[in-house]
Number of protein chains: 2
Amino acid sequence: MTPETIASELRGELMAGVLRPGTDLSQVELAQRFGVSRIPIRDALRILSAEGLVEIEANRGAKTISLTPDEVREIYDLRILLECDCLQRAAAAMTPAALEEIDRVRLKSDLDAGGPDWADGDWAFHRAIYQLAGRRRQLAMIEALRRTCVLFVSAYATMPTKKPRWLGDHDAIVKHLRRGETEQAVRKLQGHLEGAATHLIAQMTASLG
Amino acid sequence: MTPETIASELRGELMAGVLRPGTDLSQVELAQRFGVSRIPIRDALRILSAEGLVEIEANRGAKTISLTPDEVREIYDLRILLECDCLQRAAAAMTPAALEEIDRVRLKSDLDAGGPDWADGDWAFHRAIYQLAGRRRQLAMIEALRRTCVLFVSAYATMPTKKPRWLGDHDAIVKHLRRGETEQAVRKLQGHLEGAATHLIAQMTASLG
DNA sequence: AAGTGTATACATGTATACACAAACGCTTCA
DNA sequence: TGAAGCGTTTGTGTATACATGTATACACTT
């Protein structure tokens with residue numbers, strides 16, 4: 001039960017929607033639950049805070065993040081900026097072998113598309129592409145932003161209703177990459193993310209107001 | 001002596017070049033120095049780790065980051081991406097009053113340009129612009145990336161040799177903004193950052209062998 | 001002589017105990 | 001009835017003590 005293990009467990013619950021945004025995270029409660037003292041719990045909370053999933057206020061404890069629709073919009077804008085740039089760099093480093101691998105991951109993710117782990121498959125696909133850019137830090141930043149989004153997607157139960165369109169975007173991106181149409185692949189990705197953003201924000205505003 | 005205070009103090013030393021990249025940060029040593037136990041030290045190190053200034057390895061302690069020229073290049077590319085986007089958004093929200101304030105900060109930063117706190121003035125100028133974009137998270141990400149850069153600039157003592165050009169860039173950006181030439185302001189900023197990047201990386205490779 | 005195993009020293013990780021700050025409820029007074 | 005003041009209570013923050021993991025040096029084996 002290391003702090004990393006605990007953080008990982010909590011991260012999973014956050015992203016699965018078990019812990020909803022704004023939930024208080026009591027140190028004593030978590031310590032009892034994981035059967036450890038509060039020290040490793042504090043470390044775990046700091047790890048999650050570093051990832052932006054938890055907010056810590058001095059002397060007032062930690063709670064899961066709670067963002068306004070505007071803040072979610074900003075995060076998606078950042079994702080568009082960083083992911084489109086990453087895709088562009090990846091396209092420049094594309095090889096036939098890499099393309100094959102990407103399409104393999106895409107097909108596998110299609111199967112999970114209906115289940116509860118659809119987000120994992122989705123990310124596996126995007127990561128398979130982004131990896132080729134060879135940008136560790138950028139990828140880490142993208143992943144952190146994405147985690148935050150997933151937290152809210154799970155919380156507001158906005159499973160993409162237009163699943164076919166969503167899978168079709170993936171297919172289209174691969175096809176564009178195969179043909180060397182970088183520009184169009186990037187534009188497709190941008191639309192993909194825009195769609196996710198507007199969908200989530202609509203659900204949030206509907207749920208909040 | 002809260003963890004935040006300690007982190008702030010260490011951050012200052014890191015960015016001033018007192019603590020060079022790769023320095024080991026012993027918990028007991030820091031605890032003695034700040035006159036506290038190791039617990040708040042651990043918290044402070046986690047805060048700095050979250051900011052990307054310190055690396056923590058389980059059971060092996062913390063040390064200040066040590067980046068390769070390639071990683072520095074990636075960081076500057078990210079800064080260009082995020083800062084140019086931020087400038088564009090700021091330009092869209094520009095007002096005469098804001099412009100006046102920006103120029104005021106610019107003039108003030110010109111005075112500090114020769115001293116040891118030149119980095120603070122430089123950042124004050126850029127931040128004065130970026131603020132207008134109203135993007136908290138993006139600004140925080142830019143600031144984190146910038147801090148990392150400053151750490152290496154200080155370590156390798158690469159005070160801009162071409163100070164006039166550097167200050168001239170600031171002046172040019174303001175002038176373009178005043179005329180509503182967003183496109184050109186963005187391009188000037190990009191060149192500004194590119195210049196800083198190539199300069200630092202050249203110094204690093206020269207210093208490293 | 002080179003490599004490996006082991007013992008010792010040292011740094012980090014964790015648990016317990018205590019100090020302190022904030023939130024809550026109660027009493028009391030206007 | 002409402003509000004302000006004060007003690008209680010709950011939870012976080014920190015110090016101390018102990019457990020565990022890692023590095024170094026030395027002895028031993030090959």
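All figures in this text were calculated on a predicted structure; none of them were measured in a lab. Letters go in sequence order (proteins before strands), and every chain restarts at 1.
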Nearest-Å distance for atom pair [atom1]/[atom2], residues [X] and [N]:
| X | N | atom1 | atom2 | answer |
| --- | --- | --- | --- | --- |
| Arg46(B) | dT14(D) | CZ | C1' | 17 Å |
| Arg42(A) | dA15(D) | CZ | P | 11 Å |
| Asp24(B) | dA23(D) | CG | P | 11 Å |
| Lys63(A) | dA23(C) | NZ | P | 11 Å |
| Leu45(A) | dG11(D) | CG | P | 15 Å |
| Met1(A) | dA19(D) | CE | C1' | 19 Å |
| Glu57(A) | dG13(D) | CD | P | 11 Å |
| Gln32(A) | dT16(C) | CD | C1' | 15 Å |

- Query: For dC10(C), does OP1 or OP2 lie under 4.0 Å from any side-chain N or O of Gln27(B)?
  - Reply: no

- Query: Within the pair Arg60(B) and dA23(D), is there a side-chain N or O less than 4.0 Å away from OP1 or OP2?
  - Reply: yes

- Note on the structure: Quick note, Ile39(B) side chain, CB onward, closest among dT12(D), dT16(D), dG13(C) is dT16(D)

- Message: The side chain of Asn59(A) is closest to which nucleotide in this list: dT12(C), dA15(C), dA22(C)?
- Response: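 Within the option list, the nearest is dA22(C).
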
- Message: For a quick test of reading the model, state the closest non-hydrogen atom pair linking Gly191(B) to Arg165(B) and the distance between them.
- Response: O-NH2, 3.8 Å

- Are Asp103(A) and Arg106(A) ion-paired here, with the side-chain N under 4.0 Å from a carboxylate O?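 Salt bridge between Asp103(A) and Arg106(A), a charged N being under 4.0 Å from a carboxylate O: yes.
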
- Message: Check this for me, if you would: do Glu143(A) and Arg146(A) make a salt bridge, where the nitrogen-to-carboxylate-oxygen distance has to be below 4.0 angstrom?
- Response: no

- Query: Closer to the 5' end of DNA chain C via nearest nucleotide, is it Pro40(A) or Ala62(B)?
  - Reply: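 Closest to the 5' end, via its nearest nucleotide, is Ala62(B).
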
- First of Pro3(A) and Ala58(A) reached from the 5' end of DNA chain C, by closest nucleotide: Pro3(A)

- Task: Decide whether Thr5(B) and Ser8(B) meet the rule of one side-chain donor and one side-chain acceptor closer than 3.5 Å.
- Result: no

- Message: Tell me if the side-chain of Arg38(A) makes a donor-acceptor pair with the base of dG13(D), cut-off 3.5 Å, by modelled atom types.
- Response: yes

- Query: In this structure, which one of Arg89(B), Met94(B), Gln88(B) forms a side chain to side chain contact (heavy atoms under 4.5 Å, CB included) with Thr182(B)?
  - Reply: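 It is Gln88(B), the one option of Arg89(B), Met94(B), Gln88(B) that forms the side chain to side chain contact (heavy atoms under 4.5 Å, CB included) with Thr182(B).
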
